[in-house]
Amino acid sequence: MNLPLIIRAIRWMIYDTFRQSLATRLFWAMVILNLVIVVFCFSIKIRGDEMLPLAPGEIPMRLNLQKAIELGHEKALPFGMVIHPIGVEWLSEPLGRIIAKKEGLDIFDTKVSLGFGLIELPKSKDRVDAIRQIHVWLGGIVADTVGMFLVLIWTAGFLPSFLEPNHVTILLAKPTPRWALLLGKYLGVLFFVFLQSTIFVLGTWLALGLRSGVFDRLYLLTVPLLVIHFSIFYSFSVLLAVSTRNTVVCVLGSIVFFVLCWGLNYGRHAVVVLQIPGMSSVSKTMVEIAYWSLPKPGDMSLIVYDVLQADSFSMKIPEFHELQKQGKFQAELSLLSSFVFAAVMLLISAREFKKQDY
Amino acid sequence: MIKAIATFTQVSKYYPLPWGISLWKKLSHGVSEPTKITALNQVSWSIGTGEVVGLVGPNRAGKTTLVKILLSITSPSQGHISRFDRTVDDKTTLAGVGYMHENQHFPKYLNAEKLLSFYGMLTGLDKKIIQERTPKLLELVGLADRRNEPISRFSKGMIQRLGFAQALLNDPDLLVLDEPSEGLDLPGRKMLKEQIKLRKQQNKTVLIVSHGLAELEEICDRVAVMNQGKIVAERKMKDWLLDPKSGKQQTLEQAIFPLYQTQQ
């Protein structure tokens, strides 16, 4: 095996995929889509918790009412919060506000809107939590679910067009092993997704940060998570491409597979948590086998949620909470089994590609 | 005796019929109906070092399959093939082979220069060598002035020229050309013939698959005729051009034409 040749070939295949994405205009189409979301994030408006002057060791925020009560009068004061000694009940709307104003109390009352005031978000606890909540939506729903689905569809045509006989035949007559060509193309698509994820995450992080002053670095961890998640699903698309060389089959197959895995993943968790009456142990075993054998898009959303430490400001779906309490969801095992799936798919694809006649 | 650069021993290639057709044939014609297509049937043949060999035959004779097996693009169903004295499973020997495909599709987003770099890298050539050879080859095939133009703007003839440059990039010991003059204009054909002759002088081997018999007549040392998956005749060019019955000169087309008909 000529290792330097293989490394160079893989590098060139990655570069070639990037050029392919530029030529098909997919790269720029996705950049534009990402920029639209970035602009949307830049339109965020937060009112009611203006920043206080920074002093050494001081958190540049006011506390919200609930937290201030938890901390107590003395501890809350440095944050610019004053709690009336008689409690908070009378501060409730609308009378409480009038009294508070009379008493000269400083009430934290954050309002968050997006789309230059068009969309008013549910009242958040404070500025930091409001932004972190948006991070969870962006990372867990926009990117990891909708984005993943779209990218799978859009990139499904990359390999079939590469494997088109009149194109690939000349490459196959080169000394580079076939598996290296395939791996290079696979990594090339991952690199493309990495670039797009970085633009999305970094762009939204900066936009939200610049407008709110909140730069939560945990959000940046969603970039590797998105690439990992995509790499698992794309391995199935690779197998479809090698076996059929057909873009339509790849696109439709990827969609069906993603939806199937999504349903199975949530279905399994429902089976575990809800203890569906009348379900046989054979059915439960089959669900478990399917869960552990296939990629787990639902688990990935949970992992994103946990990585962003969203527990402190956002309520998890109660069933998921219960699942974790029961110890039936382990992020490491979930990821590992998904990686095994991806590795098996790639090995089968490489084997299939090796024995195929062109 | 000329040393063989490639040898085929009892090589056969079968393609299975699609399962639907296969099932229909079995049901309608009985179990004995073949469920595979024979593309090559027990071919034993060799190509010698420094030779310019032509491979001709009617459509679906198995010429392209033979070439693809030689280049490890397709695997044989039976038999043994050696390339540079090694089995064709050893892909490293492809570093000494150049191949021009009959209907090549290059990535349209590349330009001529980048395409040669890309294929050169996959052949295992050093960057320096690629940079050195690329302008010379583009000059040779008449594309020097279009080196930075996207391939999407290239005509069929230009693509052929580029394909030829690509095949020569590694200065191969074995050059395999499948229908090389397809779509080429007269200067292009002239350039192609000159290059093949030049390679012959350098003791390099060239295998040409072509329907252009007049061109083969000019450049080949030897021509083999394939039909129905077999090599049905093989002679040196001077022997083809001499009618054994009358002792008169004949064209390659006149000599070969009966072989196309008898086997069909």
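Treat the numbers as computed from the prediction; the structure is a model and nothing was measured. Per chain, numbering begins at 1; letters A, B, ... match sequence-line order. Heavy-atom basis, side chains included; hydrogens, waters and symmetry copies ignored.
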Visitor: Does A:D357 form a salt bridge (charged side-chain N to carboxylate O under 4.0 Å, His left out) with B:K13? I'd like the steps, not just the answer.
Guide: CA-CA 11 Å; A:D357 289 333; B:K13 177 67 188 176; 2.4 Å; yes

Visitor: With a 4.5 angstrom heavy-atom cut-off, could you sort out which part of B:L115 is near chain A: side chain, backbone, both or neither?
Guide: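 Neither the backbone nor the side chain of B:L115 comes within 4.5 Å of chain A.
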
Visitor: So which of B:L70, B:N170, B:L110, B:V176 has the largest heavy-atom pair count under 4.5 angstrom toward chain A?
Guide: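 Counting heavy-atom pairs under 4.5 Å, the top option is B:L110.
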
Visitor: For each of B:P150, B:S117, B:A167, B:G163, tally heavy-atom pairs with chain A at distances under 4.5 Å, and name the one with the top tally.
Guide: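 Going by pairs under 4.5 Å, I would pick B:S117.
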
Visitor: Please classify the contact between B:S72 and chain A as side chain, backbone, both or neither, with a heavy-atom cut-off of under 4.5 Å.
Guide: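 Contact with chain A involves the backbone of B:S72 alone.
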
Visitor: I need the A:Y15 OH to B:K114 NZ distance, nearest 0.5 Å.
Guide: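 These two atoms lie 5.0 Å from each other.
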
Visitor: How about NZ on B:K156, more than 12 heavy atoms from neighbouring residues, nucleotides or ligands closer than 6.0 Å, or not?
Guide: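 Enclosed.
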
Visitor: Near B:R60 CZ, under 6.0 Å, is it more than 12 heavy atoms from other residues, nucleotides or ligands?
Guide: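 Check fails, neighbour count at 12 or below.
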
Visitor: Could you check whether atom CD of B:E139 has more than 12 heavy atoms from other residues, nucleotides or ligands sitting under 6.0 Å from it?
Guide: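 No, because the 6.0 Å sphere around CD of B:E139 holds 12 heavy atoms or fewer from other groups.
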
Visitor: Would you say A:W292 has more than 12 foreign heavy atoms packed within less than 6.0 Å of its CH2?
Guide: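 Enclosed: over 12 neighbouring heavy atoms sit under 6.0 Å from CH2 of A:W292.
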
Visitor: Would you say A:K174's side chain and B:A95's backbone share a donor-acceptor pair under 3.5 angstrom?
Guide: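 No, because the side chain of A:K174 does not come within donor-acceptor range (under 3.5 Å) of the backbone of B:A95.
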
Visitor: Name the region of A:Q20, side chain, backbone, both or neither, that has any atom closer than 4.5 Å to a heavy atom of chain B.
Guide: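 A:Q20 touches chain B through backbone and side-chain heavy atoms alike.
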
Visitor: Under 4.5 Å heavy-atom distance to chain A, tell me which part of B:I69 shows up: side chain, backbone, both or neither.
Guide: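 For B:I69, there is no contact with chain A at all, as no heavy atom is under 4.5 Å.
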
Visitor: Are side-chain heavy atoms of B:Q104 and A:N166 found at a separation under 4.5 Å?
Guide: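 No, too far: nothing below the 4.5 Å cut-off.
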
Visitor: Please name the pair of heavy atoms, one in A:T176 and one in B:K91, separated by the smallest distance, quoted to 0.1 Å.
Guide: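 Between these two residues, the closest heavy atoms are O-NZ, 3.2 Å.
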
Visitor: Side chain, backbone, both or neither: which part of A:R19 has an atom under 4.5 Å from a heavy atom of chain B?
Guide: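 Both backbone and side chain of A:R19 come within 4.5 Å of chain B.
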
Visitor: Is it true that, when you exclude A:F27 itself, more than 12 heavy atoms of the residues, nucleotides or ligands shown sit nearer than 6.0 Å to its CZ?
Guide: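 Buried by this count: over 12 neighbours within 6.0 Å.
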
Visitor: Among A:L172, A:L22, A:D16, who wins on heavy-atom pairs under 4.5 Å with chain B?
Guide: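 Among A:L172, A:L22, A:D16, the one with the most close pairs to chain B is A:D16.
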
Visitor: CD1 of A:I170 to CD of B:Q166: how many Å apart, nearest 0.5 Å?
Guide: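 Separation between the atoms: 5.0 Å.
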
Visitor: Would you say that more than 12 heavy atoms from the other residues, nucleotides or ligands in this model lie under 6.0 Å from the NZ of B:K230, or not?
Guide: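 Open: at most 12 neighbouring heavy atoms sit under 6.0 Å from NZ of B:K230.
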
Visitor: Are the side chains of B:F118 and A:L171 in touch, meaning some heavy atoms are under 4.5 Å apart?
Guide: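 Of all side-chain heavy-atom pairs linking A:L171 with B:F118, at least one is under 4.5 Å.
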
Visitor: Who wins among A:A9, A:A173, A:A23, A:S161 for the most heavy-atom pairs under 4.5 Å with chain B?
Guide: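 Sorted descending by pairs with chain B, the first entry is A:A173.
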
Visitor: Working to the nearest 0.5 angstrom, can you tell me the gap between A:R8 CZ and B:M121 CE?
Guide: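 So the gap between those two atoms works out to 5.0 Å.
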
Visitor: Would you mind telling me which of B:L122, B:T93, B:T123, B:D90 makes a side-chain contact (heavy atoms from CB on, under 4.5 Å) with A:P175?
Guide: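 So, applying the side-chain contact (heavy atoms from CB on, under 4.5 Å) to A:P175 and each of B:L122, B:T93, B:T123, B:D90, only B:T123 qualifies.
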
Visitor: In sequence, state the C-alpha distance, the side-chain angles, and the governing distance for A:T169 and B:K68, and then conclude on side chain to side chain contact (heavy atoms under 4.5 Å, CB included).
Guide: CA-CA 9 Å; A:T169 304; B:K68 284 183 176 177; 4.3 Å; yes

